[in-house]
Amino acid sequence: QMCIRDSLMITQIENLGAITIIPDRLYWISDKSPPKSLKNAFYFCIDNDLVYEPFFADFGPLNLSLTHRFVTELDELLKQPSYTQTKIFHYTSTDTAKRTNAAYLMGAFMVIILKKPVEEVWQLLRTANPPLADYRDASYGQCTYKCQIYDCLKGCLLYTSPSPRDS
């Protein structure tokens with residue numbers, strides 16, 4: 001009976017279009033409205049809490065302070081004893097900017113906390129439907145440089161690498 005219940009839960013999660021970050025534990029989802037509650041599920045959204053301050057027509061990525069806040073708070077949430085049997089969903093709206101920044105934050109969590117290779121994380125995030133937007137430069141006028149979440153995740157490696165001064 002447990003296998004049937006777990007199988008139904010997996011089917012429900014797949015039907016939501018969720019991306020599995022940690023099997024049976026952590027998911028990322030973007031939709032027009034918050035997902036309906038599944039049994040033993042916790043949903044959180046940072047769309048209006050961790051916000052990028054644009055210079056012109058740019059929309060991200062979020063700065064290292066907000067990135068650090070997200071990855072450490074999510075790591076702490078996953079370690080809380082009261083959530084050990086809970087499926088956790090990072091939910092974001094379908095707003096292009098918020099969605100892309102939320103995907104970046106989940107990718108940063110995977111690189112910084114889970115120590116996943118950037119290429120593996122990017123391949124997973126690229127499965128998001130619709131596709132994630134590219135970031136643009138912060139200058140006035142026409143964009144002359146586009147940056148993908150992949151590029152930002154490569155930057156996260158610098159954040160996690162020991163400084164030459166630490167040697």
Side-chain angles (χ1 to χ4, degrees), residues 1-50 52 60-133 148-162:
Q1 203 173 24
M2 181 75 128
C3 290
I4 293 171
R5 213 173 325 134
D6 289 346
S7 176
L8 289 173
M9 171 85 66
I10 291 168
T11 301
Q12 287 176 303
I13 291 168
E14 288 171 353
N15 288 341
L16 291 172
I19 294 176
T20 301
I21 308 301
I22 301 174
D24 296 321
R25 192 81 171 96
L26 180 62
Y27 303 88
W28 183 87
I29 184 169
S30 172
D31 205 349
K32 293 176 187 166
S33 59
K36 295 179 180 159
S37 291
L38 297 171
K39 188 176 180 182
N40 296 327
F42 174 77
Y43 303 91
F44 73 96
C45 179
I46 53 84
D47 285 0
N48 298 318
D49 298 320
L50 303 180
Y52 180 81
L62 297 171
N63 64 46
L64 278 179
S65 174
L66 295 177
T67 301
H68 176 79
R69 181 175 157 198
F70 177 85
V71 301
T72 55
E73 288 183 11
L74 179 54
D75 188 38
E76 289 173 15
L77 177 67
L78 288 165
K79 291 176 180 174
Q80 286 184 12
S82 57
Y83 287 100
T84 57
Q85 300 300 313
T86 303
K87 291 180 182 4
I88 298 172
F89 289 82
H90 174 204
Y91 161 77
T92 185
S93 69
T94 56
D95 175 87
T96 301
K98 291 178 179 181
R99 188 171 178 274
T100 301
N101 284 327
Y104 156 72
L105 288 173
M106 186 55 80
F109 173 81
M110 295 173 72
V111 169
I112 295 167
I113 302 296
L114 301 180
K115 309 288 188 213
K116 298 283 187 183
V118 170
E119 291 75 15
E120 179 183 323
V121 173
W122 180 234
Q123 288 305 314
L124 182 64
L125 293 176
R126 288 182 61 194
T127 65
N129 192 14
L132 299 165
Q148 294 182 321
I149 289 175
Y150 173 82
D151 302 305
C152 301
L153 297 178
K154 291 291 265 188
C156 288
L157 289 176
L158 296 174
Y159 173 77
T160 60
S161 298

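These figures come from a predicted structure and were not determined experimentally.
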Any idea which heavy atoms bring [X] and [Y] closest together, and the distance?
| X | Y | answer |
| --- | --- | --- |
| Arg25 | Tyr83 | NH1-O, 2.8 Å |
| Tyr104 | Leu153 | O-CD2, 4.0 Å |
| His90 | Ala102 | CE1-O, 3.5 Å |
| Ile149 | Ala103 | CD1-CB, 3.9 Å |
| Leu66 | Leu105 | O-CD2, 4.3 Å |
| Pro131 | Arg99 | O-NH1, 3.5 Å |

How long is the span from the [atom1] atom in [X] to the [atom2] atom in [Y], to the nearest 0.5 Å?
| X | Y | atom1 | atom2 | result |
| --- | --- | --- | --- | --- |
| Ile29 | Cys45 | CD1 | SG | 11.5 Å |
| Asn101 | Thr92 | CG | OG1 | 8.5 Å |
| Ile19 | Leu124 | CD1 | CG | 5.5 Å |
| Lys116 | Ile21 | NZ | CD1 | 9.5 Å |
| Asn40 | Thr84 | CG | OG1 | 10.0 Å |
| Phe109 | Cys156 | CZ | SG | 12.5 Å |

With the side chain counted from C-beta on, respond yes when [X] and [Y] share a heavy-atom pair under 4.5 Å apart, and no when they do not.
| X | Y | answer |
| --- | --- | --- |
| Lys154 | Val111 | no |
| Asp24 | Lys87 | yes |
| Ile113 | Leu78 | no |

| query | If you draw a 6.0 Å radius around CD in Gln85, do more than 12 non-hydrogen atoms from other residues or ligands fall strictly inside? | reply | no
| request: Go through the steps to decide whether Val121 and Leu114 satisfy the test side chain to side chain contact (heavy atoms under 4.5 Å, CB included), and finish with yes or no. | output: CA-CA 10 Å; Val121 173; Leu114 301 180; over 6 Å; no
| request: Can you spot which of Thr72, Ile88, Leu26 makes a side-chain contact (heavy atoms from CB on, under 4.5 Å) with Leu77? | output: Ile88
| query | Pick one: which of Trp28, Phe42, Tyr27 meets ring-ring contact (aromatic ring centres under 6.0 Å, His included) with Phe89? | reply | Tyr27
| request: Assess whether side chain to side chain contact (heavy atoms under 4.5 Å, CB included) is satisfied between Phe44 and Leu74, documenting all intermediate values. | output: CA-CA 10 Å; Phe44 73 96; Leu74 179 54; 3.9 Å; yes
